[in-house]
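What follows is a set of notes on a single structure, which appears directly below.
We use all heavy atoms of the structure for the numbers below, so side chains are in, but hydrogens, waters and symmetry mates are not. Lettering of chains follows the sequences in order, A, B, ..., and the numbering in each one begins at 1.
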Amino acid sequence: MLSPRSDNEVEAIYLRQRMTVYRVCFAYLKNPADTEDAVQETFFRLIRKVPAFASEEHEKAWLIRTAANICKDELKRRYRTHESLDVHPELQSEDGSRTSDVFRAVTELPDKYKAVIYLYYYEGYDSAEIARMLRKPKSTVRNYLHEARKLLKERLGEDFYEG
Amino acid sequence: MKDETIRESWDRIRPDEAADARMHGAVMEYQHSHRGRPAVWKWAVPALCLLLAAAILLFTSTPRVQFKENRYTVKPGGGNTLEYVTGEPAGSAKFAYDYEVNDRELTAEEMHTLFPSSGQISEGDYFGGVFKAETGEMVRAEGRIDGIMFFLAQAGLAPSDCIITGTPERENVIGGVPVKAGYAIFAANSKGVRNAVFFAEFEINRTAVYAVLSGDEKDSLQLCQKLSEAVYEIIRRNTTDISTIKYE
């Protein structure tokens with residue numbers, strides 16, 4: 001239970017979850033340099049704390065919560081001017097930037113909504129599952145989703161709807 | 001706009017190859033440097049010292065740790081006795097809350113407040129707290145200090161779901177505090193090591209405490225002695241109180 005994980009185990013978790021962790025961190029920090037640091041710190045904590053996981057879902061939930069806490073601490077500790085999203089090539093979509101508008105709108109949501117939006121829309125979890133992962137009441141998660149969708153609709157215009 | 005647009009927008013967020021390689025390298029380097037102090041070394045020197053001390057004690061005085069009839073009996077100090085019977089240790093318990101909570105890591109100072117006998121907080125030590133959002137009071141905490149896992153909870157909340165199946169010959173009472181204690185031995189893992197897990201549960205200062213220590217079955221005497229002494233110190237110092245830590 002308390003034995004350090006082997007190199008293979010750590011590497012397997014890293015390769016399995018790094019994109020998830022990266023996307024969550026980027027949503028908070030909005031620039032690749034800080035995101036890279038936050039991703040590394042998330043996995044450093046995994047190595048130090050050696051948490052026990054009942055499943056890969058549990059593993060993902062732990063990493064997302066840890067990454068979110070690291071990012072929130074970073075945002076509290078330092079004020080910095082975020083680079084414009086326009087300079088990041090990965091955000092330039094081929095169809096004329098619709099997806100980058102969407103992502104920009106998501107990153108501009110209040111911090112408390114970001115992890116919920118990511119888990120709901122990207123990972124496909126329902127509100128009950130998200131509530132367990134983030135250790136929040138189900139009613140809170142439903143409120144966050146409702147409020148976040150309202151804000152996205154305001155920012156993205158009337159053609160925003162849920163399919 | 002459909003859900004796919006939001007998913008597509010996230011899909012585009014990925015590190016470039018150089019960043020991916022840097023992060024991968026940094027994580028594995030940290031893993032290697034962290035494992036440069038393998039767990040066995042943390043046990044070897046103190047375990048050898050304990051073995052030597054135990055050997056001397058065996059020949060010169062009443063044994064402090066005994067294993068007899070599937071029970072470990074430990075004398076952690078102060079004239080107290082702690083008996084471990086068979087049980088099923090809890091895993092990391094999953095709790096649902098019917099109120100909003102916040103969580104954060106505790107500082108080294110806060111860990112010392114809870115566990116003043118812990119000495120220098122080392123890099124491997126950590127503690128995380130769950131706080132009621134409305135009041136800022138800590139309702140649960142879990143972490144590891146000096147190799148021992150601790151789960152704390154406000155009185156009335158369960159810190160764990162450990163199950164003691166054996167019956168101690170006597171009720172354990174340490175410094176006037178009832179303590180339930182148990183152990184379990186697991187089948188050999190892929191390296192042929194049988195894991196022994198010792199655990200103890202008690203309540204002080206309206207704080208429920210569940211402590212767990214595990215290791216190689218061959219180190220069982222040292223494990224239960226170390227856990228017993230930690231439990232004894234917590235009760236003796238009487239400062240572990242979950243209500244002293246607030247979310248700020």
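In terms of non-hydrogen atom pairs under 4.5 Å with chain B, the most contact-rich of A/Glu41, A/Met19, A/Glu123 is A/Met19. Between chain B and the options A/Arg45, A/Lys138, A/Lys136, A/Arg65, the largest number of non-hydrogen pairs under 4.5 Å is found for A/Arg45.
Residue-environment remark: NZ (A/Lys72) exceeds the threshold of 12 foreign heavy atoms within 6.0 Å. The number of heavy-atom neighbours closer than 6.0 Å to NZ of B/Lys218, taken from other residues, nucleotides and ligands shown, is 12 or below.
Classification of B/Glu105 and A/Lys49 as a salt-bridged pair holds, one side-chain N sitting under 4.0 Å from a carboxylate O.
With a 4.5 Å cut-off on non-hydrogen atoms, B/Asp16 does not touch chain A at all. The parts of A/Tyr122 that come within reach of chain B are both its backbone and its side chain, each placing non-hydrogen atoms under 4.5 angstrom from that chain. Using a 4.5 Å cut-off between heavy atoms, B/Met28 contacts chain A through its side chain alone, with no backbone atom that close. Neither the backbone nor the side chain of A/Phe53 has a heavy atom closer than 4.5 Å to any heavy atom of chain B.
Checked against salt bridge (charged side-chain N to carboxylate O under 4.0 Å, His left out), B/Glu137 has no partners two or more places apart in sequence or in another chain.
Minimum heavy-atom separation, A/Ile47 to B/Gln31: CG2-OE1, 3.5 Å. Considering all non-hydrogen atoms of both residues, A/Tyr14 and B/His24 come closest at OH-N, 3.2 Å.
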How far apart are the C-alpha atoms of A/Val39 and B/Val27, what are their side-chain angles, what is the distance that settles it, and do they pass the side chain to side chain contact (heavy atoms under 4.5 Å, CB included) test? CA-CA 9 Å; A/Val39 170; B/Val27 169; 6.0 Å; no

Derivation and outcome, side chain to side chain contact (heavy atoms under 4.5 Å, CB included), residues B/Met23 and A/Phe43: CA-CA 10 Å; B/Met23 291 189 295; A/Phe43 287 97; over 6 Å; no

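In this structure, the side chains of A/Phe26 and B/Arg14 stay at 4.5 Å or more apart for every pair of heavy atoms.
Listed by first and then second residue, the salt bridge (Lys or Arg N to Asp or Glu O under 4.0 Å) pairs involving residues 20-31 of chain B are A/Arg18-B/Asp20, A/Glu36-B/Arg22 (not counting sequence neighbours).
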